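For clarity, every value in this text was computed on a predicted model and none was experimentally measured.
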Amino acid sequence: MKQGFIKMALATAIALSFASGAAIARDKQPAQDKKEALYPNATRQEPKLDLKSEKDQKAINEGLDAANNGDKDKATQILTPLADGSGTSSKYAQALALQGLANMKYNDGDVKGAISTLKQALDIGVMPNDTYFQLKYMYTQFLVADEQYAAALQSLQEWRNEGKRETAESYGLEGSIDYRLEKYPEAIAAITKAKSMPDAKPQASWDQILMASYSESGQGDKAAAMAADELSKNPNDATALNNAASALIQAQKYPEAIALYEKAHTAGAIKDEKQYINFAKIYLIDGQENQDRQKGNAVKAVAVIKEGMDKGVIQKTADNYNLLGDAAVTGDDMKGALAAYQQAAGVATNGEPALKAARVQLQENQFAAAQKSATDAISKGVQHKGQAYMVLAEAKRGQKDKQGAIAAMKEAAKDPETSAKANAWLKTAGK
């Protein structure tokens, strides 16, 4: 749930409260009695307002105005005594004060405090139906923002059952909650309902939830079809391209995903780092699944990464250089792989790229260079230390440094992961 979306609802609810307070100050009738009710079929009985004191009316309006205008100190000073009941005998004024404080807490990032305070306002039970149900909906959004998805779903269902109102936005919210609860069939039903409502203003997030729910529920073909349709409508939209590619990958339609990227690349629509990296990765994934295309795809992946780097779109990070090296290895370009791993090693915070470089150098019989790279890798730290010592041992053995090889292999024997192989090697070597 985006905070901006919630803040819009907050502003709407506060505006309703201001309108109610202003109307009461004039004629002691709630504003919603003078206009078409938002919840005409609500099962909740409309309460009688008890705000009769002009002093209370003035205080609540000043406090809520201050809150709405961002004057936190003034709003807190006025609303706090009203909220705790010490500054008013009106339950309605108390509820509106709590609502104002809840809004300020949310804006300060205290979502849990906002939830607790807004619940107090609702539980007092004196708000007119239109205000009450608007705030009930806001309360649901607060719960979503706090990732209390089960509670949010219950609150939303109460809002709909008691308020007897159905909106496209509420079904979109329900779909989002269902998705986060991993209730994918329910999410699909809710988003489909949202899109079919007369007041629907479809949002990109709805289609993303729908596509993701199709994918997670084993309906990858539907997700892919949706994504392709969206991309056809917005061929230069980066989000649409990413969604379409992701859906095709989820459905394991790798050639189709590659075709999509290649078409976008030809049209100049591949513009950011994520797109370039995903383009390269899908070549490699497809190659793993289809051995006859592995080498050719790897060469294409290398070309894509280099193009991105040359344009300055792909950052020259250790991870990206590592990917370039891996692609080069898959394409049997050991010279290119070594260069990439060495560049990765130069900017990496650990020794993993240096160890990859050492393996390539060992394979190319560059034993002295492999020894240096393996030593550097161990010095900077690697996840599989035993493997690094085994590479070091082989590099020393290649230089006919038997004692050095034995010493390195003894270190490898200390690692449970490589102890069996290392001890077998040492036994063969007579140690």
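- Other residues, nucleotides and ligands contribute over 12 non-hydrogen atoms within 6.0 Å of the CD atom of E417.
- Listed by first and then second residue, the side-chain hydrogen bond (donor to acceptor under 3.5 Å, both in side chains) pairs that reach into residues 334-344 are D326-Y341, sequence neighbours excluded.
- A pairwise comparison of heavy atoms in M127 and A121 identifies CE-CB, 4.2 Å as the closest pair.
- Within a 6.0 Å radius of NZ in K380, more than 12 heavy atoms belonging to other residues, nucleotides or ligands are found.
- Every residue two or more places apart in sequence or in another chain that forms a side-chain contact (heavy atoms from CB on, under 4.5 Å) with E162 is listed here: T43, Y132, F133, E158.
- Residues passing the side-chain contact (heavy atoms from CB on, under 4.5 Å) test with K74 are A66, D71, I78, sequence neighbours excluded.
- For Q291, the CD atom sits in a packed shell: over 12 heavy atoms of surrounding residues, nucleotides or ligands are nearer than 6.0 Å.
- Note on ring orientation: taking the six-membered ring where Trp is involved, the planes of H265 and F279 are tilted (angle from 30° to 60°).
- When every heavy atom of P128 is checked against every heavy atom of Y92, the shortest pair comes out as CD-CE1, 3.4 Å.
- The only member of K274, Q275, K281 that meets side chain to side chain contact (heavy atoms under 4.5 Å, CB included) when paired with I277 is K281.
- Side-chain contact of Q219 with S217: a donor-acceptor pair under 3.5 Å is present, judged by distance alone.
- Counting heavy-atom neighbours within 6.0 Å of E364 CD, excluding the residue itself, gives a total above 12.
- Taking the charged nitrogens against the carboxylate oxygens, E307 and K311 do have a contact shorter than 4.0 Å, which makes a salt bridge.
- With respect to R160 and E174, a salt bridge is recorded, a charged nitrogen being found less than 4.0 Å from a carboxylate O.
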